[in-house]
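Here the structure is laid out as structure tokens; the discussion comes afterwards.
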Amino acid sequence: MATNGSIFGAMLQEFDGAARILNLEPGIWKILTHPKRQITVSCPVQMDNGEIEVFTGYRVQYNITLGPAKGGIRYHPGVTLDEVTALAAWMTWKCAVAHIPFGGGKGGVICDPTRMSRRELEALTRRYVAEIIDAIGPEKDVPAPDVKTNDQVMAWVMDTYSMHVGHTSTAVVTGKPLELGGSLGRREATGRGVMIVTRESAKHLGFEIKGATVALQGFGNVGSISAELLAELGARIVAIADWKGGVYNGGGLDLVKLTDHVRQRKTVDGFSGGDPLTNEELFKLDVDILIPAALENQITMENAQSIRAKVVVEGANGPTTPDAHRHLHERGVMVVPDILANSGGVTTSYFEWVQDRYGYFWTEKEVNERLEAKMCEAFGAVLQNSLKFRVDLRTAAYIVAINRVATVTRMRGMYA
Ligand code: GLU
């Protein structure tokens, strides 16, 4: 079935494959394939040049059966309601696979934050939050960072919400700065989770992570930390590409120098510690591990044939199209699906929400140990289901997630 470029269509294809194996009853099937709430808002902002711009924003609460909606807010020119809905659905399955008491949500604003001043970004954030204020809250919907949003944006979210309700409410959003209720380890958590599942996958496939070669697409929060932590385990990071260009060094890239370069230039492109590389070339490299950690629809039928990695670990959400995924699976490439691979971020968001509500904060060691335990539990459950049902890891992850959400839906029963 073609998805006609719809990201939500791709999500439905993945869902249907698992639901069929589970023999999911039609009623629950219908519930789980419909978003509960889709909110569209217009956010007027006075720009620095005095003119007023109106930005379109979305917040989708896909499913709140297991708890408050949970999921990031992205700022990107390419944001669409279709994309945000798919991402909110993926958050639902991700939280269920991670075994944390949250539903799935996602937000997005159509804008180009790289071309906006700090003041404009703050004004946009506050107006967007004000427009969705009735829908969010520690018990309702808890946003977090995503593509091109960060801890400062989360601080503005927290402040705007707190001003509206008349008291400081830290648990309304996660991924905040440490000083205002953030959790130690949250910034690194998605990358740490990617490292953990990559290590577990290598163990399962029977190859050493030490000396294994790694190529990454994306060097933002997820890509850079994944690279750093895998390098700490002795892996060799040989290639990184981003929106502008890439760099290759067969002997291993110097990540400290590369991070410095990226801080100044906002891209890995032009880094002198390796040879230039395009995104197309990245996917053809003879490496052990390939980590797409940028945006959706990056591994398609155009480039899947040339992928030579043993394992693809999806740091990004939705980086592989359903066709390309089938092709990789048939060729014996192990794909660790997004809803498992990048769930370290939301798992540590859960820890942050717990600490905020408790008013008592954990050490970084405690956070990392709990994350390690949660990621290994999730990886184990998915692997076990993939062996039991003889399916790929993505279908297995959906089986775990759908089972958990469907069980609670049945137990709660129908309201009215
Ligand atoms: N944006 C991240 C994700 O896609 C984190 C969401 C969260 O922490 O709520 O998983």
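In this chain, numbering begins with 1 at the start of the sequence shown. Atoms within a ligand are numbered from 1 in the order they appear, just like the ligands themselves.
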Side chain to side chain donor-acceptor pair (under 3.5 Å) between Thr85 and Tyr58, worked out: CA-CA 9 Å; Thr85 306; Tyr58 305 105; over 6 Å; no
Identity and distance of the protein heavy atom lying nearest atom 9 (O) of ligand 1: Lys70 NZ, 2.8 Å
Polar proximity ligand 1 side, Met91 side, N/O cut 3.5 Å exclusive: no
Nearest-0.5 Å distance, NZ of residue Lys310 to OG1 of residue Thr213: 7.0 Å
Protein contact to atom 8 (O) of ligand 1 [nearest heavy atom, distance to 0.1 Å]: Ser349 OG, 2.6 Å
Identity of the nearest option to atom 7 (C) of ligand 1, non-hydrogen atoms only, from Cys95, Ala144, Ala189, Ala316: Ala144
Best match, Glu352, Arg74, Lys94: closest heavy atom to atom 3 (C) of ligand 1: Lys94
Distance in Å, Ile209 CD1 paired with Arg199 CZ, rounded so as to fall on 0.5 Å steps: 9.0 Å
Proximal candidate to atom 2 (C) of ligand 1 [heavy atom criterion; set Asn317, Asp146, Ile339]: Asp146
Arg186 touching ligand 1 at heavy-atom level, < 4.0 angstrom: yes
Structural part of Pro143 in contact with ligand 1, heavy atom criterion under 4.0 angstrom: neither
Under 3.5 Å: donor-acceptor pair, side chain of Ser169, backbone of Val165: no
Charged N-O contact under 4.0 Å between Arg59 and Asp141: yes
Contact (N/O only, under 3.5 Å) between Asn342 and ligand 1: no
Worked verdict on Phe102 versus Tyr350 for ring pair (Phe, Tyr, Trp, His ring centres under 6.0 Å): CA-CA 8 Å; Phe102 285 137; Tyr350 166 53; 5.8 Å; yes
cation_pi(Lys106, Tyr62) dist<6.0 Å, angle<=45: no
